[in-house]
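Okay, so here's the structure we're looking at.
The structure presented is a predicted model; accordingly, all values stated were derived computationally and were not measured.
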Amino acid sequence: QNPSHLPERPRLAPGVRLHFDQARDAWVLLGPERVIETEGPASEILRRCDGTRTIAQIVDELAAEYNADREVIAGDVTDMLVELVTKRMLAG
């Protein structure tokens, strides 16, 4: 269920980091010359993109934490990771 262009064990790309911005009271993804504010569960997904967890493990953890349907979580996680790979904010 993992699209072939997604890394098996996603991690933030070199030069990209997740940071809690107190002024915005929100988690932001900081990259070269860009800032992306994360909303809701996006920061939970990103905090798990540590290069050690697989996408399946991230999905399992989130489904358990939020007591949510695994297939729904898997779709949301995959969509977000595809977007971040496209923006070169995520590596494997």
Would you tabulate the side-chain donor-acceptor contacts of residues 19-35 under 3.5 Å, counting partners in other chains and residues two or more places apart, or write 'none'?
| unit_1 | atom_1 | unit_2 | atom_2 | d |
| --- | --- | --- | --- | --- |
| Asp21 | OD1 | Ala23 | N | 2.9 |
| Asp21 | OD1 | Arg24 | N | 3.2 |
| Arg34 | NH1 | Lys87 | O | 3.3 |

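When atom types are taken as modelled, the side chain of Arg9 and the backbone of Thr52 share a donor-acceptor pair closer than 3.5 angstrom.
For the atom pair CZ of Arg53 and CZ of Arg11, the computed distance is 15.0 Å after rounding to the nearest 0.5 Å. Atom CD1 of residue Ile45 and atom CD1 of residue Ile73 lie 7.5 Å apart, to the nearest 0.5 angstrom. Separation of atoms CD1 (Ile36) and CD (Glu83) is listed at 7.0 Å; rounding is to 0.5 Å. Here the CD-CD distance, from Glu65 to Glu44, works out to 5.0 Å after rounding to the nearest 0.5 Å. Rounded to the nearest 0.5 angstrom, Leu46 CG and Leu81 CG are separated by 8.0 Å. The distance from the CZ atom of Arg47 to the OG1 atom of Thr38 is 9.5 Å, given to the nearest 0.5 Å.
Taken together through direct or relayed side-chain contacts under 4.5 Å among Ile, Leu, Val, Met, Phe, Trp and Tyr, Leu62 and Val72 form parts of separate hydrophobic clusters.
Smallest separation of non-hydrogen atoms from Cys49 and Ile58: SG-CD1, 4.2 Å. Closest non-hydrogen pair, Pro7 versus Ala91, comes out as CG-O, 3.4 Å. Counting all heavy atoms, side chain and backbone alike, Leu18 lies closest to Ser43 at CD2-O, 4.0 Å.
Under the 4.5 Å side-chain criterion, counting only non-hydrogen atoms from C-beta, Asp60 is in contact with Arg70.
Arg88 CZ: 12 or fewer foreign heavy atoms inside a 6.0 Å radius.
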